[in-house]
Amino acid sequence: MAFGWIDEQALARRRAGLVRTLRPRPADSPLLDLASNDYLGLARHPEVTEGAARAARGWGAGATGSRLVTGTTELHAELERELADFCGFEAALVFSSGYAANLAAVTALAPHGSLVVSDAGNHASLIDGCRLARGTTQVVAHADPDAVRKALATHDGDAVAVSDTVFSVDGDAAPLAELAVACREFGAGLVVDDAHGLGVLGEGGRGAAQAVGLAGADDVVVTVTLSKSLGSQGGAVLGPARVIDHLVNAARTFIFDTGLAPAAAGGALAALGLLRREPERAARARAVAAELHARLTAIGLHAVRPDAAVVSVRAPSPEGAVRWAADCRAAGLAVGCFRPPSVPDGISRLRLTARADLSGKQIERAVRVIGETRP
């Protein structure tokens with residue numbers, strides 16, 4: 001029977017407690033949200049939603065074509081200038097998603113004969129970029145500059161190291177400064193995904209690269225998403241102008257994909273403007289994460305110390321994690337639930353988002369619910 005193997009895999013997932021289901025949410029959910037990536041609380045901010053609506057009214061619902069045909073508007077160009085200026089890079093290129101931006105950066109910067117050194121804890125989009133790249137990929141130990149150094153030493157030719165800046169599972173930060181030193185010893189480039197750093201780390205949320213003095217370096221390329229701290233949709237690659245020009249000509253997810261919808265570009269632009277005026281939002285997100293960690297560990301839970309706005313709480317099993325998240329939801333709290341194969345170490349977790357707009361009472365309530373529903 002055609003696709004008969006699908007039934008076998010579905011049965012295996014059910015037996016392992018790994019079945020995933022869609023859960024449509026209403027526009028006005030009554031749940032306290034610690035599950036989304038809306039780190040700065042901007043997705044529903046009036047300025048951001050009006051920026052999106054104004055762009056849709058002016059430019060239409062869609063980009064109407066690929067970026068090289070009709071999909072580049074003046075709004076896209078403005079967003080690229082603003083992103084590059086805010087984060088401290090020479091140029092930027094906007095994509096329809098952060099996933100597409102990562103695929104573009106890795107595949108276009110790892111040609112045949114090159115080496116890609118990839119952190120074992122990298123996001124799926126970076127992993128898929130490595131799989132699609134024509135270069136050879138070597139996976140190294142998590143957050144280990146010496147492992148990167150040893151891998152680069154085995155290769156004579158073009159090379160690039162690839163890493164998240166803040167890893168999405170445990171919320172730990174990569175040693176970016178040390179990685180840059182290791183890359184420079186061998187003349188390799190450094191490509192980092194700052195999806196969870198933009199808006200949270202660096203001066204006023206300018207990102208992890210800016211925080212360690214790597215913004216604008218000619219050997220560093222940063223990818224970001226517009227769908228987390230900026231509350232919108234889409235992604236971007238930031239770096240030297242010659243790298244961005246290369247992506248325009250060589251990145252397949254740029255050349256052949258429809259451009260970012262104008263509404264998403266307008267929303268992201270409004271969020272950037274708001275973050276410029278209210279840089280304290282970044283520090284508040286980090287403070288909320290620290291408070292969540294302190295309160296959760298105080299009641300005996302195994303929570304990983306956060307380096308940004310992701311707080312990870314270990315669960316006893318995949319089934320236990322699912323039940324824990326469901327019990328939290330029943331008590332009015334939405335939390336993330338990470339299980340294999342989404343976690344590289346096979347350990348299931350609750351994943352909490354430390355939003356800048358959470359009040360002290362909301363933090364207290366969230367910790368109480370998580371503690372009362374623990375397996």
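Just so you know, these numbers come straight off a predicted model, no measurement behind them. FYI, side chains are in, hydrogens and waters are out, and symmetry mates aren't considered; it's all heavy atoms of this structure.
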Open item on the list: With heavy-atom distances below 4.5 Å as the criterion, would you say the side chains of R368 and I299 are in contact?
Closed with: no
- [ ] Can you measure from CD1 (I347) to OG (S317) and round to the nearest 0.5 angstrom?
- [x] 12.0 Å
TODO: First locate atom OG1 of T107, then atom CG of L132, and finally report the distance between them rounded to the nearest 0.5 Å.
DONE: 7.0 Å
Open item on the list: Do I244 and V221 land in one hydrophobic cluster if side-chain heavy atoms of ILVMFWY residues count as linked below 4.5 Å?
Closed with: yes
Could you list the donor-acceptor pairs under 3.5 angstrom formed by side chains in residues 327-340, with sequence neighbours left out?
residue, atom, partner, partner atom, Å
R339, NH1, G17, O, 2.6
R339, NH2, V19, O, 3.3

- [ ] Verify the cluster assignment for L350 and L32: are they in a single hydrophobic cluster under the rule of side-chain heavy atoms below 4.5 Å apart?
- [x] yes
- [ ] Determine whether more than 12 heavy atoms belonging to other residues, nucleotides or ligands lie under 6.0 Å from atom CZ of R305.
- [x] no
- [ ] Give, for atom OG1 of T72 and atom NE2 of H76, the distance between the pair rounded to the nearest 0.5 Å.
- [x] 6.5 Å
TODO: Among D119, L126, V224, V166, find the residue that satisfies the side chain to side chain contact (heavy atoms under 4.5 Å, CB included) test when tested with D193.
DONE: L126
Task: Distance-minimising heavy-atom pair for T225 and G234 - done: OG1-O, 3.1 Å
Task: Backbone N/O of A264 and side chain of Q233: donor-acceptor pair under 3.5 Å - done: no
- [ ] Inspect the surroundings of CG in D158 and state if more than 12 heavy atoms from other residues, nucleotides or ligands are less than 6.0 Å away.
- [x] no
Task: Which atom of G204 lies closest to which atom of P279, heavy atoms considered - done: CA-CB, 3.7 Å
Open item on the list: Assess the residue pair S163 and L179 against the criterion (side-chain contact (heavy atoms from CB on, under 4.5 Å)); give the C-alpha distance rounded to whole Å, side-chain angles, the decisive distance to 0.1 Å, and a yes or no.
Closed with: CA-CA 9 Å; S163 176; L179 288 175; 4.2 Å; yes
Task: Heavy-atom donor-acceptor pair, R67 side chain to G259 backbone, under 3.5 Å - done: no
TODO: Quick one: closest heavy-atom pair of P306 and A290, and the distance?
DONE: CG-N, 4.3 Å
TODO: Would you please test V367 and L292 for side-chain contact (heavy atoms from CB on, under 4.5 Å) and show each step?
DONE: CA-CA 7 Å; V367 172; L292 279 170; 4.0 Å; yes
Task: N249 side, atom CG; F254 side, atom CZ - distance, nearest 0.5 Å - done: 9.0 Å
Open item on the list: A side-chain contact here means heavy atoms from C-beta on lying under 4.5 Å apart; do T223 and F95 qualify?
Closed with: no
TODO: Please report the shortest heavy-atom distance between A110 and V116, naming the atom on each side.
DONE: CB-CG2, 3.3 Å
Open item on the list: Quick check on the hydrophobic clustering: are V243 and V106 connected, directly or via other members, by side-chain heavy-atom contacts under 4.5 Å?
Closed with: yes
TODO: State plainly whether one hydrophobic cluster holds both L103 and V248, where clusters connect Ile, Leu, Val, Met, Phe, Trp and Tyr through side-chain heavy atoms under 4.5 angstrom apart.
DONE: no
Open item on the list: Using side-chain contact (heavy atoms from CB on, under 4.5 Å), reason through S229 and V200 one step at a time and then give a plain yes or no.
Closed with: CA-CA 7 Å; S229 286; V200 178; 3.7 Å; yes
- [ ] Show your working on side-chain contact (heavy atoms from CB on, under 4.5 Å) between H142 and D164 and close with a plain yes or no.
- [x] CA-CA 10 Å; H142 176 55; D164 286 9; over 6 Å; no
Task: side chain to side chain donor-acceptor pair (under 3.5 Å) between H196 and Y39, worked out - done: CA-CA 9 Å; H196 300 278; Y39 296 133; 2.6 Å; yes
Task: Partners meeting side-chain contact (heavy atoms from CB on, under 4.5 Å) with S312 (sequence neighbours left out) - done: D170, V304, R349
Open item on the list: Closer than 3.5 angstrom, by distance alone: can the side chain of D38 be matched with the main-chain N or O of A43 as a donor-acceptor pair?
Closed with: yes
Open item on the list: Do the side chains of E291 and R295 get close enough for a salt bridge, i.e. N-O under 4.0 angstrom?
Closed with: yes
TODO: Check whether any side-chain heavy atom of R54 lies under 4.5 Å from a side-chain heavy atom of L269, and answer yes or no.
DONE: no
Task: Heavy-atom donor-acceptor pair, W59 side chain to A261 backbone, under 3.5 Å - done: no
TODO: Would you sort out whether R149 and E178 count as a salt bridge (Lys or Arg N to Asp or Glu O under 4.0 Å), showing the intermediate values?
DONE: CA-CA 10 Å; R149 188 175 284 107; E178 294 85 351; over 6 Å; no
Task: D307 to A173 - nearest heavy-atom pair and separation - done: OD2-N, 2.7 Å
Task: Main-chain N/O of A303 paired to H293 side chain as donor or acceptor, under 3.5 Å - done: yes
Task: Check: T154 and Q138 side chains under 4.5 Å, non-hydrogen atoms - done: yes
- [ ] List the atom of A101, the atom of G235, and the distance in Å for their closest heavy-atom pair.
- [x] CB-C, 4.3 Å
Open item on the list: Between R276 and D85, does any side-chain N to carboxylate O distance fall below 4.0 Å?
Closed with: yes
Open item on the list: For R15, I'd like to know if atom CZ has over 12 heavy atoms of other residues, nucleotides or ligands within 6.0 Å.
Closed with: no
Open item on the list: Quick check: is I127 connected to Y99 through a chain of hydrophobic side chains (ILVMFWY, heavy atoms under 4.5 Å apart)?
Closed with: no
Task: Euclidean distance, R355 CZ relative to R281 CZ, rounded to 0.5 Å - done: 11.0 Å
Task: Value rounded to 0.5 Å, distance of OG in S36 from CG in L31 - done: 11.5 Å
Task: Side chain to side chain, L352 and L296, heavy atoms closer than 4.5 Å - done: yes
- [ ] Please examine the side chains of V181 and R184, heavy atoms only from C-beta on, and report whether any two atoms are closer than 4.5 Å.
- [x] no
Open item on the list: If you define the side chain from C-beta out and look only at heavy atoms, does anything of V162 sit under 4.5 Å from T137?
Closed with: no
Open item on the list: Counting C-beta onward and ignoring hydrogens, is there a side-chain heavy-atom pair between L42 and D357 closer than 4.5 Å?
Closed with: no
Open item on the list: Tell me if the CD atom of E74 is crowded by more than 12 foreign heavy atoms within 6.0 Å.
Closed with: no
TODO: Any pair with a residue in residues 252-261 that passes side chain to side chain donor-acceptor pair (under 3.5 Å), sequence neighbours left out, goes on the list, sorted by first then second residue, please.
DONE: S96-D257
Open item on the list: For the backbone of A215 and the side chain of Q210, can you confirm whether one donor and one acceptor N or O come within less than 3.5 Å of each other?
Closed with: no
Task: N-O pairing of D245 and R242 below 4.0 Å - done: no
